[in-house]
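The structure appears below as C-alpha cells.
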Amino acid sequence: MPADFLLRYGEIALKGGNQRFFQDTLVRNVARAVEDLGPAEVRLSFGRIIAKVEADRVEAADRLRKVFGVVSLSPVRIVDPQLAAFTDEAVAMVEETLAARPEIETFKVDTRRADKRFPTPSMVASSEVGEAIRRRFPHLRAQMKKPDLLVQIEIRDAAYVATETIPGPGGLPTGTGGKALALISGGIDSPVAAWLVARRGVTVTPVYFHSFPFTSDRAKEKVIDLCRVLAAYAGTLALWVVHFTEIQRAIQLHVPDALRVLAMRRTMMRIADVLGEREGARALVTGESVGQVASQTVESIAVINAATRLPVLRPLIGSDKTEIVARAEAIGTYEISIRPYEDCCSLFVPAHPRTHPTTLELEAAEAGLDVSTLVADAIERSERTTVSPRGQRVASPS
Ligand code: ATP
Ligand code: MG
C-alpha cells in the first residue's frame, strides 16, 4: 500500500548560496528515515519534498514527522493537474475525513500553483472545489479563519491534494551544522538540551559518564534508550560510555565534599574535550539551567566552564523546569528520564555544596588528583557504540 506525502520546510528555503546543500541533505535524511519500511522515492519539487513510500501510512508519517528541517507534512493523493481531477479527489478525501471526524462543520480550500502554466488562478480553483464540496456535503460551511478542515491543493507536475497537516519538528537538517558532543546524564534536562542543538542541524554525539557499580547498568540502559529517542529525530548516532568509576573514587578520597560535584563536572569537561577532538566536535552541549542546583549557579558554571577549551552550548540556560518537562514530554524522553535509577552525581551530592566557588579554590581542591592520568585511563576504558532509532546497537572499538 503506497503512501504519498508532501513535506514542507521553512528556514532552509532562505539559506542563499547554500540552499542546495541544505535541501539535498534534507532529502537524504527524509529518505533515510523511511528506508527500512519499503521502496521509497524522495525528491524535491518547487520548494517542497515529495516522498512516495511503499509502506503503512501511519508508520511512514510517524517517521517523517520527526525529521529535523521538516516544518509540516501532509499525506497526499496525487492526480492529474486538471480542475476536474483534483476536484473529484478533494470531494472523495473530504468524504473519508468526515467519516473519521463527523464533528467537522467548517472548511476552507487553499490552492497553490507552483506551476503557473496551470491556467486557472488559485482563488478560482479554490472556490470551484469549495462549491463542489458544499454541493456534496450541504451541512458544511466555508470559513476562512480557523476552519475545522483545511483542504490543500498544490499544483505542480501533478496536483497534490491533502486534508491533513501534521506538524514536524522544524529546525535544520542534521548534518548541516557541524558537530558537538552532548553530555547526557539520564536526567530530564540533558536529553532535551541535546535535542534542541541537534534540531539546529548539528550532528550530536552523546557522552555518558558511567560509574559502575555506583550506578547500575540499568542507568546505562536508560541513557541508551534516551539516545534511541534522539536517533529517531537525528538518525543513527554514536554514543560514548565513559568509564567514570575510578575518577569518582579518587574525587571522593581527595576532594572536600562541598566541592566534589564541581570537581566531578570539571573532570567530565576535560574528558569531553579529548573525545571532542577525536570526533571533530567543535562544541559541548549540557543541560544546565541557571540556578537549578548548587552546581548551576553562575559561579559554579564559570568554574566548570574553565575546565574545557571548547565552547559549551547550554540551550536550557534560561528555561524553568516546567518548560523543560513539557518539552521532554513532547519529544518522548520524559518517561525514560524519570525511571528511578540514580545518576552518579546525585549519589555524591553533599549536604552543603559550595554555591559560590572560584576556579582557584577548585584547582587547590584538585591538587591531590593525578588528573591527566585519571582522564587518560578513563578514556582508555571507554566504549563507543552506535545507537540506531530502532533497536539494534552495534559496538565499535574506541
Ligand atoms: P540532567 O537532568 O540532564 O541530569 P541536571 O539539571 O540534573 O541535568 P546536573 O546533574 O547538575 O544537571 O548536571 C549538569 C549537566 O552535566 C547535565 O545536564 C549533563 O549535561 C551533564 N552531566 C551530569 N552528569 C552526567 C553524566 N553522568 N554523564 C553525562 N553528562 C552528565
Ligand atoms: Mg542530573
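None of the values given here were measured: they were computed from a predicted structure. As the structure lists them, so they are numbered: ligands from 1, and atoms in each ligand from 1.
Taking any N or O of L183, backbone or side chain, at least one lies under 3.5 Å from an N or O belonging to ligand 1. At under 3.5 Å, a nitrogen or oxygen of R265, whether backbone or side chain, sits near a nitrogen or oxygen of ligand 1. Residue contacts with ligand 1: G287 is placed with a nitrogen or oxygen under 3.5 Å of a nitrogen or oxygen of the ligand (distance criterion only). Where the criterion is an N or O separation shorter than 3.5 Å, residue side chain and backbone included, V293 fails it with respect to ligand 1. Polar contact check, K321 against ligand 1: no nitrogen or oxygen pair lies under 3.5 Å apart. Considering backbone and side-chain N/O atoms, P191 never comes within less than 3.5 Å of an N/O atom of ligand 1.
For residues 63-80, every residue pair satisfying the salt bridge (Lys or Arg N to Asp or Glu O under 4.0 Å) rule, not counting sequence neighbours, is listed here: D36-R63, E59-R63, D62-R65, R77-E89, R77-E96.
Close contacts of ligand 1 with Q292, meaning ligand atoms under 4.0 Å from a residue heavy atom, involve 5 (P), 6 (O). Of all atoms in ligand 1, listed by their number and element, those nearer than 4.0 Å to a heavy atom of M268 are 24 (N), 25 (C), 26 (C), 27 (N), 31 (C).
In the hydrophobic clustering (ILVMFWY side chains linked at under 4.5 Å, chained through shared members), F46 stands by itself.
Contact annotation: for Q296 versus ligand 1, heavy atoms closer than 4.0 Å belong to the side chain alone. Within the 4.0 Å heavy-atom criterion, the part of I184 lying near ligand 1 is the backbone and not the side chain. Only the side chain of S295 comes within 4.0 Å of ligand 1, counting heavy atoms alone; its backbone N, CA, C and O stay farther away.
With hydrogens and angles disregarded, a donor-acceptor distance shorter than 3.5 Å links the side chain of S74 to the backbone of E164.
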